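One structure is given below, encoded as structure tokens.
Fair warning: this is a prediction, and the values are worked out from it, not measured in the lab.
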Amino acid sequence: MDRSAAYRVRALGTGAELVVADPDVLEAAASFLRAELDRIDRVASRFRADSEVAHLDSAAGRPTAVSADLLELLVVAVRMARATDGAVDPTVGAAMCRLGYDRDFPQIADGVVGQLPPVTPVPGWRRITIDPSARTVRIPVGTQIDLGATAKAWLADRVAEQVF
């Protein structure tokens, strides 16, 4: 007999689903998931002016002290950029905004009339400087970091490690 139980929540611009084999641990696991979603949103959301990544974006090219969480997320993002030869690039935030993805999906109107902006290069992941020992990161002036492609996967792995 299957005793699995599921918890679903909207977060980080998408849906998250947690399935556990033991229904008795669902409440605690869901609580952990919600806390981690909130924490990563405060660290990595490009839709929040008060997020840590927004602070990094506004550092005007200066080395900036970051939390252990943001440091790890950026290390993972750069590792994935390297592994995909730049197909996954965390410096695409400004380009995403130019395309109209400058707020959460529910706030974007369907059927917006207009044309796509001209194609312009992104700063590129190779221009991110990470100093793990000093826990600082420097990104080029005008760069907007977008960790959506990697932070959600990182978070899923973290929750799976802790819950199971």
Practice item. Would you indicate whether the side-chain heavy atoms of L70 and V137 approach each other to under 4.5 Å? Key: no
**Message:** Before you tell me yes or no, could you show the steps for L147 and L74 under side-chain contact (heavy atoms from CB on, under 4.5 Å), namely the whole-Å CA-CA distance, both residues' side-chain angles and the distance that decides it to 0.1 Å?
**Reply:** CA-CA 8 Å; L147 297 171; L74 286 164; 4.0 Å; yes
> Is it true that a side-chain atom of R135 and a backbone atom of A65 form a donor plus acceptor pair closer than 3.5 Å?
Replying inline: no
Between A95 and V122, the two heavy atoms sitting closest are CB-CG1, 3.9 Å
Residues G93 and R46: closest non-hydrogen pair is O-NH1, 3.9 Å
Would you say T150 and L73 make side-chain contact, with heavy atoms under 4.5 Å? no
On a heavy-atom basis, the closest approach of A6 and L26 is O-CD2, 3.7 Å
**Message:** Using the rule given for side-chain contact (heavy atoms from CB on, under 4.5 Å), can you reason through R127 versus T143, listing the C-alpha separation, both sets of side-chain angles and the distance that settles it, and then say yes or no?
**Reply:** CA-CA 10 Å; R127 297 191 60 206; T143 300; over 6 Å; no
Smallest heavy-atom separation, G86 atom then W125 atom, equals CA-NE1, 3.5 Å
Count the heavy atoms belonging to other residues, nucleotides or ligands that lie under 6.0 Å from CG of D50, then report whether that count exceeds 12. yes
Exactly one candidate in T64, I128, V53, T91 meets side-chain contact (heavy atoms from CB on, under 4.5 Å) with I139; the answer is I128
Considering only distance and modelled atom types, tabulate donor-acceptor pairs under 3.5 Å from the side chains of residues 153-164, sequence neighbours left out.
from : atom 1 : to  : atom 2 : distance (Å)
W154 : NE1    : E72 : OE2    : 2.9
R158 : NE     : E36 : OE1    : 2.5

Report yes or no: do L33 and V25 belong to one cluster of Ile/Leu/Val/Met/Phe/Trp/Tyr joined by side chain heavy-atom distances under 4.5 Å? yes
Item to complete: Using a strict cut-off of less than 4.0 Å between a Lys/Arg side-chain nitrogen and an Asp/Glu carboxylate oxygen, indicate whether D22 and R3 qualify as a salt bridge.
Response: yes
Would L18 and V9 show up in the same hydrophobic cluster when neighbours are defined by side-chain heavy atoms closer than 4.5 Å? yes
Would you tabulate the side-chain donor-acceptor contacts of residues 55-62 under 3.5 Å, counting partners in other chains and residues two or more places apart, or write 'none'?
from : atom 1 : to   : atom 2 : distance (Å)
D57  : OD1    : I145 : N      : 3.0
S58  : OG     : A54  : O      : 3.4
S58  : OG     : H55  : O      : 2.9
R62  : NE     : A59  : O      : 3.4
R62  : NH1    : A59  : O      : 3.1
R62  : NH2    : A59  : O      : 3.4

Between L37 and A16 the two heavy atoms that sit nearest each other are CD1-CB, 4.5 Å
Note: Q144 and A94 closest approach over all heavy atoms is CB-N, 3.5 Å
D69 vs E52, side-chain contact (heavy atoms from CB on, under 4.5 Å): CA-CA, chis, key distance, verdict = CA-CA 10 Å; D69 286 334; E52 191 177 357; 5.6 Å; no
By salt bridge (charged side-chain N to carboxylate O under 4.0 Å, His left out), D41 pairs with (sequence neighbours left out) R48
Is there a donor in the side chain of D131 and an acceptor in the side chain of T129, or the other way round, less than 3.5 Å apart? no
Self-check item: Audit row: R34, Y7, side-chain contact (heavy atoms from CB on, under 4.5 Å) steps and yes/no
Solution: CA-CA 10 Å; R34 283 191 308 274; Y7 172 78; 3.1 Å; yes
